[in-house]
Structures are given as C-alpha cells and as structure tokens.
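This report refers to the structure that appears directly beneath it.
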Amino acid sequence: DARDRKLVVDILAADDKEIAHTEQPAVGPVTTLSGACAAFKPWSPDQPALFRARVRVLRGNDLLDERFQRFGFRTLEIRNARFLLNGKILRLRTVLSSDQSNVVAPGRFAELKRLGINSIFLHAGNFSYLTPFYERLDEEGFLSYAPTDRAQPDAKTVTDIRRYRNHPSVLAYVSDAFGQLDVNGF
C-alpha cells in the first residue's frame with residue numbers, strides 16, 4: 001500500500017556531507033517535494049561544484065528503493081542579448097569536436113583551459129550514449145551543446161533531453177551538423 005511509504009531526498013556535497021534533507025509521504029505514482037538548500041555552491045566553468053541527490057523510498061524504517069543522481073546547481077538565462085550564468089555575463093569560448101575521444105585525451109582539458117576555452121561544441125553526428133562524456137565535462141568545468149538526431153521522433157528527443165538535463169555542462173541541444181540550435185519546443 002503506497003499510503004505507508006515515504007519519499008526521502010538528501011542533497012550530498014562532494015564529501016558526502018548532507019547539506020539538505022526533505023521527506024514526504026508518497027502519494028500515488030508522482031510525489032512532488034520542495035525544500036531549500038542554502039549551502040549550495042553554483043556550478044560554473046571556474047568552479048564546477050557537483051552534488052548528489054540520494055532519493056529513497058521507505059516503508060517505516062525499511063528501505064524499498066534507493067537511487068543516486070549527480071548534478072550541479074546553476075542558472076542560465078539570456079538578458080539584453082547576453083548569456084548569464086548564475087547571474088554573471090558568460091562569454092562562450094568554444095571549440096568544435098567531431099569526436100569526443102579527442103577531447104578526453106590525457107592533458108587535453110588542462111590545455112583547453114589554458115587557452116581560455118570554456119565550452120565544447122560536439123558535432124551533431126555524435127548522438128550516441130554520451131553520459132560518461134557529460135560527467136567528465138561536469139567535473140572539468142566545460143559547457144557543451146548536446147547533439148540530438150533530428151530524424152528521431154519527438155518522444156526520443158524528449159528522452160534524450162531528460163537523460164542529460166541533470167548535467168550542468170549541457171547548455172543547449174544541437175540537432176544538425178551545421179550547428180543550428182533546435183530544442184524542438186522544449
């Protein structure tokens with residue numbers, strides 16, 4: 001019976017210290033939680049602060065399910081024709097990569113940082129499984145444009161966006177080889 005279950009969410013810092021906690025009875029297939037996390041540091045290319053959400057479903061004291069999701073807090077907006085990341089003007093310094101394996105070669109991220117690069121444009125032909133790549137970009141502090149296959153149905157595009165939206169490095173979605181940004185209405 002779902003009425004005796006509760007959903008518990010803890011936000012953990014990089015050292016696994018709990019910085020926020022909320023819980024609520026699980027009511028039906030969807031339970032919405034809200035809370036405050038005053039101790040967070042925003043993710044940015046200069047300081048790529050990452051956190052983990054630990055989500056648990058409990059019945060009394062019995063653990064029924066547990067999942068972890070890594071993420072970063074950040075805001076991105078466009079105001080007066082400027083990108084703002086966490087309320088500060090962001091100047092994108094981007095390199096094109098037709099193959100993500102070239103980017104993760106030893107020492108490559110440090111060299112890109114030394115050159116002042118803060119974002120990586122993946123060619124839209126690279127719409128394979130990219131979670132490990134985005135995790136590395138999150139850690140290293142690079143923004144990216146996530147490629148999607150423009151030929152796929154909208155439902156698959158939604159699935160891709162949901163898969164990668166927790167990555168603070170993902171700035172936008174690219175759906176063709178010429179780099180035209182297209183978010184298919186999302």
Side-chain angles (χ1 to χ4, degrees), residues 11-17 19 37 39-54 68-152 156-184 186:
I11 304 299
L12 308 172
D15 62 1
D16 278 340
K17 179 182 174 192
I19 61 171
C37 187
F40 83 90
K41 294 178 184 173
W43 183 95
S44 72
D46 295 329
Q47 295 185 339
L50 294 170
F51 301 87
R52 287 190 317 144
R54 177 177 57 205
F68 289 88
Q69 180 64 61
R70 193 166 74 162
F71 69 99
F73 289 102
R74 67 145 172 85
T75 61
L76 180 69
E77 61 185 299
I78 299 172
R79 190 180 329 139
N80 298 325
R82 294 180 182 220
F83 283 112
L84 300 177
L85 182 69
N86 303 320
K88 297 177 182 171
I89 293 173
L90 171 67
R91 182 169 178 201
L92 294 171
R93 293 178 178 93
T94 305
V95 294
L96 169 66
S97 175
S98 59
D99 181 359
Q100 64 267 20
S101 63
N102 293 335
V103 177
V104 297
R108 185 70 171 147
F109 284 117
E111 180 65 11
L112 291 172
K113 286 276 185 172
R114 188 188 71 71
L115 295 171
I117 302 300
N118 63 3
S119 64
I120 297 172
F121 181 96
L122 283 179
H123 189 277
N126 290 321
F127 42 78
S128 58
Y129 178 72
L130 294 171
T131 297
F133 183 68
Y134 293 129
E135 288 175 353
R136 185 76 188 274
L137 294 179
D138 293 343
E139 294 165 1
E140 298 288 342
F142 284 89
L143 293 159
S144 64
Y145 306 86
T148 62
D149 182 358
R150 82 171 345 173
Q152 70 188 4
K156 176 72 169 86
T157 300
V158 170
T159 299
D160 286 348
I161 289 172
R162 287 184 175 151
R163 177 183 305 133
Y164 300 130
R165 69 182 175 188
N166 66 293
H167 293 282
S169 62
V170 174
L171 176 68
Y173 298 87
V174 180
S175 66
D176 69 29
F178 302 105
Q180 297 173 2
L181 299 181
D182 180 8
V183 292
N184 294 334
F186 304 102

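Note that the numbering runs from 1 along the sequence shown for the chain. Keep in mind that this is a model prediction, so the values were computed, not measured.
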Derivation of the side-chain contact (heavy atoms from CB on, under 4.5 Å) call for E139 and L50: CA-CA 7 Å; E139 294 165 1; L50 294 170; 4.0 Å; yes
Shortest non-hydrogen contact from [X] toward [Y]:
{"X": "A53", "Y": "F71", "value": "N-CE2, 3.6 Å"}
{"X": "L137", "Y": "F109", "value": "CD2-CE2, 3.6 Å"}
{"X": "R74", "Y": "P168", "value": "NE-O, 2.7 Å"}
{"X": "R52", "Y": "D16", "value": "NH2-OD1, 2.7 Å"}

So how far is it from [X] [atom1] to [Y] [atom2], rounded to the nearest 0.5 Å?
{"X": "I120", "Y": "R93", "atom1": "CD1", "atom2": "CZ", "answer": "15.0 Å"}
{"X": "S144", "Y": "D138", "atom1": "OG", "atom2": "CG", "answer": "8.0 Å"}
{"X": "L92", "Y": "L143", "atom1": "CG", "atom2": "CG", "answer": "6.5 Å"}
{"X": "R136", "Y": "S169", "atom1": "CZ", "atom2": "OG", "answer": "12.5 Å"}
{"X": "L76", "Y": "L90", "atom1": "CG", "atom2": "CG", "answer": "7.5 Å"}
{"X": "F142", "Y": "N118", "atom1": "CZ", "atom2": "CG", "answer": "8.0 Å"}

Residues, nucleotides or ligands: over 12 heavy atoms within 6.0 Å of [X] [atom1]:
{"X": "K113", "atom1": "NZ", "result": "yes"}
{"X": "N80", "atom1": "CG", "result": "no"}
{"X": "E135", "atom1": "CD", "result": "yes"}

Heavy-atom side-chain contact between [X] and [Y] under 4.5 Å:
{"X": "L12", "Y": "F68", "value": "yes"}
{"X": "R163", "Y": "T131", "value": "yes"}
{"X": "P42", "Y": "T75", "value": "no"}
{"X": "L84", "Y": "I78", "value": "no"}
{"X": "F51", "Y": "C37", "value": "no"}

Chi angles and distances behind the salt bridge (Lys or Arg N to Asp or Glu O under 4.0 Å) call for E140, R108: CA-CA 11 Å; E140 298 288 342; R108 185 70 171 147; over 6 Å; no
Whether Y164 and H167 hold their rings parallel, tilted or perpendicular, with breakpoints at 30° and 60°: tilted
